[in-house]
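The structure appears right after this line, and notes come after that.
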Amino acid sequence: MPRQLGDLEDAVMTRIWQWNRPVTVREVLEDLQQERSIAYTTVMTVMDNLHQKGWVRREVEGRAYRYTAVSTRAAYSAALMNEAWSKSDNPAAALVAFFGMMSPEQREALQDAIRIVQPHTPEAPHGTEAPQGTEEPPPGPPEGPPEGARERSSERPSEGPPEQSPERDGEAADDTGDAGR
């Protein structure tokens, strides 16, 4: 399961996700310097840490690396929500509390998401009722999700970077990259 990104890691990843293209340390540095004073080596260390943790991949271009996100911001957020929810001793209550915190816009987005992930089931034409108490199913398409949907629905979304766990050798990596310097 993914560990939440540190503040500087999140600032770097936010730029990589927003730009949605391979980026260099220098590009990220110059953008970060508009908000804070930060050294090139600090950004380089953070981006190397993100690579080691599997959040970005990198390719050599000349004398520099170009970094690309391995996953999306949405997949990262979903994995964090899934991790938090799975740790609850009462998942239903946690969901009720979470839904209670949502704005009307967020609730609408949730309804849209539910419609997307629910298997398509044909609705009865207007003016007809589904037979009640019959032993045989009514004629028409078979009940349940379309063929192959059950397999797709059982697949879990990515829970973080596939390459490595967020921790190396049992020690949490430093978010700033300046520890001990």
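- A distance-only check finds a donor-acceptor pair linking the side chain of E27 to the backbone of T24 [under 3.5 Å].
- Formation of a donor-acceptor pair under 3.5 Å by the E9 side chain with backbone atoms of G6 is found in this model.
- One finds a salt bridge joining R66 and E61 here, because a Lys/Arg side-chain nitrogen approaches an Asp/Glu carboxylate oxygen to under 4.0 Å.
- Contact of the Y65 side chain with the V25 side chain is not registered, since no non-hydrogen atoms from C-beta on lie closer than 4.5 Å.
- One hydrophobic cluster, built from ILVMFWY side chains closer than 4.5 Å, cannot hold both L80 and L95; they sit in different ones.
- How far CG of N20 is from OG1 of T68: 9.0 Å, rounded to the nearest 0.5 Å.
- Two residues are said to be in side-chain contact when any heavy atoms from C-beta on lie closer than 4.5 Å; V12 and L32 meet this criterion.
- Residues M47 and V60 are members of one and the same hydrophobic cluster, defined by side-chain heavy-atom contacts under 4.5 angstrom among Ile, Leu, Val, Met, Phe, Trp and Tyr.
- Without hydrogens or angle criteria, T45 side chain to T41 main chain gives a donor-acceptor distance under 3.5 Å.
- Counting heavy atoms from C-beta outward, Q4 and D10 have side chains that stay 4.5 Å or more apart.
- A side-chain donor-acceptor contact under 3.5 Å links T14 and R73.
- Taking the six-membered ring for Trp, Y76 and W17 have ring centres closer than 6.0 Å.
- When atom types are taken as modelled, the side chain of S77 and the backbone of A74 share no donor-acceptor pair closer than 3.5 angstrom.
- From D48, atom CG reaches atom CZ of R58 across 4.5 Å, with rounding to the nearest 0.5 Å.
- Residue pairs meeting the salt bridge (charged side-chain N to carboxylate O under 4.0 Å, His left out) criterion with at least one member in residues 100-112, sequence neighbours excluded, are D112-R115.
- The shortest heavy-atom contact between P91 and S88 is N-OG, 3.6 Å.
- A 4.5 Å side-chain heavy-atom check between V43 and R26 finds every atom pair outside the cut-off.
- Contact check for V46 versus V28: no side-chain heavy atoms found under the 4.5 Å cut-off.
- In this structure, the separation between CH2 on W55 and CE on M13 is 7.0 Å, given to the nearest 0.5 Å.
- The shortest heavy-atom contact between H51 and Y67 is CB-CE2, 4.3 Å.
- Remark: R15 engages D31, E35 in a side-chain hydrogen bond (donor to acceptor under 3.5 Å, both in side chains) (not counting sequence neighbours).
- V96 and L110 fall into different hydrophobic clusters, where Ile, Leu, Val, Met, Phe, Trp and Tyr residues are linked whenever their side-chain heavy atoms come under 4.5 Å apart, directly or through other members.
- Residues Q106 and Q111 form no side-chain contact, since every pair of their non-hydrogen atoms from C-beta on lies 4.5 Å or further apart.
- Hydrophobic clustering places W85 together with I114 (ILVMFWY residues linked when any side-chain heavy atoms are closer than 4.5 Å, directly or through intermediates).
- Residue L8 holds its CG atom at 7.5 Å from OG1 of T42, rounded to the nearest 0.5 Å.
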